[in-house]
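A short write-up of the structure that comes next.
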Amino acid sequence: MTLSHPIPNGPALRGAVRLWPARYGWAFAIALAIAGLVAAPIVSLVRMAAVGDAEIAAHLAAYVLPVALTQTALLLAGVAVISTVAGAGTAWLVTTFQFTGRSTLLWLLPLPLAIPTYIGAYIYVDILDTAGPLQTALRELFGWRSPADYWFPPIRSLGGAIFIMGFVLYPYTYLAARAMFQTQHRAFVDAARTLGARSWSVACRITLPLARPALAVGVALTLLETLNDIGASEYLGVQTLTLAVFTTWLNRGSLAGAAQIALVMLVTVTALVALERYGRRRQAYVTPVHGRGPAPRIPLAGGRAWLAVFLCLIPVALGFFLPVAFLLRQVIVRGLLVGFDPALWRHTMTTIALAATATALVLLLALAASVAVRLVKHPLIAACVNFATVGYAIPGTVLALGLLAPLVGVDEIINGVTTTLAGKTVGLVVAGSSLAVVIAYVVRFLAIGVGFLQAGFARVSTDFDDMARMLGARPLVLVRSVHLPLVRPALWGAALLIFIDCLKELPATLLLRPLNVETLSTHIYQFATRGNFEQGALAALMIVAAGILPVVYIIRYADFGPARPQAFTLMQGRSGKKAP
């Protein structure tokens, strides 16, 4: 084929994009739009908090915030300890040692991710409370007549919340730690073992220090999920900042006061993210091209092998097996399958519709944003897309509160237009419908879609883009013909996680759903608030069953050698380097 004019090479093409950004106005529009979508609730919170009553602010500062801050700090600290010990400890065991049952444990250890924290709280209260089966059995066994005859640790307490959330959320730390353990080059461990270092010494001096960036990411994700919780905290009587926002808004009727507490939460979240980044500053992991791979696993036999199995089974049993067994028993004993409630079918369809709509929108926006960043090398676009990912760090309660004013503002614009054109208003089209819930899902989980797709695009060589441009392909053709087929696994993984996170999301759904609209999560919440959670066991089991699918997807791609799973590639930032 003869060319009538010279074709610039790849760097020249990318330079052209930088020189003439006007040709790519769509990329700037997309980046600014998604950044504005996330910024709107934050700006709204600041405005609401600024116009608040000084008397309310003084009351909150004197009586609400001190308790909420203390309880939240203690809860986060306790959950961080449990998730680190359980997550990093089990990840180290299954990565370092070879023992009977290890391959099965690789599939079992992440399963607690399928259990929402509020469902875990409802289950453990039923099991461990005074009237629960455990204390009842103890009274019958030892002849105790009442709870006054003995002491049992109260589950409705701060300690109970730390215990439940720690063992339900530890897989975030486990997956991040295991992904990093698999990338550590065997040369470090082999040298230490040659010098006579034992396994524990190698772990303390080499393995864990090298994994600090991943541990910081995993613990940060765990704490963000802890902050987002409202159902477990309310049910267990822990006065967290999230619960303070909820009660100040709904029980005290003070939007301004709730906004002021929400801003305190945002500062807390910002501090957590800053602490996570500070913890891995100036740190990088190196993955050599030649001879890479983890060190060979040390075989265990006899008592040591059984001890390793037992230690790994403890968090799985507490975080997954026990809750699932309880739900199955309640479904069978109460005949919930035989006497299937027709309303549950309606709630299920509503949940699936909301989650599917939000998932499709997130994938569309995330794909557009990732393509914009890839094709147009401009700092403004990169900054806007990076800012859009902070939505995941905003707790659902705070997000719902911040979205109120923007959504009502959109409705006012719509009503103004309809009044001008038709002479009548149409009411709350956005704020008063399920669309508000979908928008909250999109803002909160956009980070997952962007993270997966950017990690997927990072595996696609830019040479494909350059060749398509040389052949005259426009951006839309390039995305449809080249990018989509190559990043399909990342799209599929993002879709699974976003869909299940939408199914489990309680705070934003509870506060933004229209009247007489229930999802599975709010359906379960209504039973729990009436003290009859067992009747919602089937709905809870449906959420758990649906949550297993993305967990299996993560597990499938978490143990294929030295390459890191896509999700944690992005979450660990740009610190990764490949040795020449």
Side-chain angles (χ1 to χ4, degrees), residues 41-42 44-80 116-118 121-122 125 154 156-162 164-165 169 222-273 391-405 440 443-444 505-513 521-522 525 528-529:
I42 299 176
S44 174
L45 279 176
V46 174
R47 291 184 60 184
M48 279 192 290
V51 300
D53 190 350
E55 184 177 346
I56 295 177
H59 173 80
L60 294 175
Y63 300 104
V64 177
L65 284 177
V67 176
L69 281 170
T70 303
Q71 295 272 292
T72 302
L74 292 175
L75 177 64
L76 294 178
V79 170
T117 52
Y118 52 89
Y122 302 154
V125 166
R156 291 180 181 265
S157 63
L158 176 62
I162 291 173
I164 294 169
M165 293 188 190
L169 297 175
T222 302
L223 298 186
L224 289 177
E225 288 297 321
T226 303
L227 272 178
N228 183 59
D229 170 79
I230 187 174
S233 301
E234 182 184 24
Y235 201 65
L236 298 173
V238 182
Q239 299 300 316
T240 61
L241 286 169
T242 306
L243 186 58
V245 173
F246 182 76
T247 55
T248 303
W249 178 2
L250 296 184
N251 297 349
R252 297 191 178 110
S254 174
L255 275 175
Q260 291 165 357
I261 301 175
L263 287 181
V264 175
M265 283 197 69
L266 284 180
V267 172
T268 304
V269 169
T270 304
L272 281 177
V273 175
Y392 187 77
I394 304 176
T397 310
V398 176
L399 182 60
L401 179 61
L403 282 173
L404 274 183
V443 174
R444 176 156 169 73
E505 175 65 25
L506 176 62
T509 311
L510 190 64
L511 296 173
L512 293 177
R513 64 190 169 97
S521 59
T522 61
Y525 177 82
T529 54

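The structure displayed is predicted, hence computed values, not measured ones.
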State, with a plain yes or no, whether a side-chain heavy atom of [X] is found less than 4.5 Å away from one of [Y].
X: M165; Y: T222; answer: no
X: L158; Y: I162; answer: yes
X: I42; Y: I394; answer: yes
X: L511; Y: T397; answer: yes
X: I230; Y: L506; answer: yes
X: L404; Y: L512; answer: yes

Check: Out of curiosity, E505 CD to T522 OG1, how far, rounded to the nearest 0.5 Å?
Finding: 11.5 Å

Note to self: Return the CG to CD distance between D229 and E234, rounded to the nearest 0.5 Å.
What the structure shows: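 Rounded to the nearest 0.5 Å, the CG-CD separation comes out at 10.0 Å.
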
Notebook entry, point to check: ring-ring contact (aromatic ring centres under 6.0 Å, His included) with Y525: which residues, sequence neighbours excluded?
Noted result: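 Residues passing ring-ring contact (aromatic ring centres under 6.0 Å, His included) with Y525: none at all.
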
Note to self: Does Y235 form a ring-ring contact (aromatic ring centres under 6.0 Å, His included) with Y118? I'd like the steps, not just the answer.
What the structure shows: CA-CA 8 Å; Y235 201 65; Y118 52 89; over 10 Å; no

Please find the pair of heavy atoms, one from [X] and one from [Y], that lie closest to each other, and give the distance.
X: L403; Y: P41; result: N-CB, 4.0 Å
X: A262; Y: V245; result: N-CG2, 3.8 Å
X: T117; Y: A232; result: O-CB, 3.7 Å
X: A440; Y: L399; result: O-CD2, 3.3 Å

Next item on the list: Let me know which of T240, N228, T242 forms a side-chain contact (heavy atoms from CB on, under 4.5 Å) with M265.
Entry: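 Answer to the side-chain contact (heavy atoms from CB on, under 4.5 Å) test with M265 among T240, N228, T242: T242.
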
Notebook entry, point to check: So, S44 side chain and G402 main chain: donor-acceptor pair closer than 3.5 Å or not?
Noted result: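 Yes, because the side chain of S44 sits within donor-acceptor range (under 3.5 Å) of the backbone of G402.
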
Notebook entry, point to check: Is T247 reaching over with its side chain to a backbone N or O of A244, donor-acceptor style, under 3.5 angstrom?
Noted result: yes

Below 3.5 Å, can you tabulate the donor-acceptor pairs from side chains in residues 58-76 to any protein atom, sequence neighbours excluded?
unit_1 : atom_1 : unit_2 : atom_2 : d
T70    : OG1    : P66    : O      : 2.7
T72    : OG1    : A68    : O      : 2.7
T72    : OG1    : L241   : N      : 2.9

Note to self: Quick one, V398 with V269, criterion side chain to side chain contact (heavy atoms under 4.5 Å, CB included). Give me CA distance, side-chain angles, the key distance, then yes/no.
What the structure shows: CA-CA 11 Å; V398 176; V269 169; over 6 Å; no

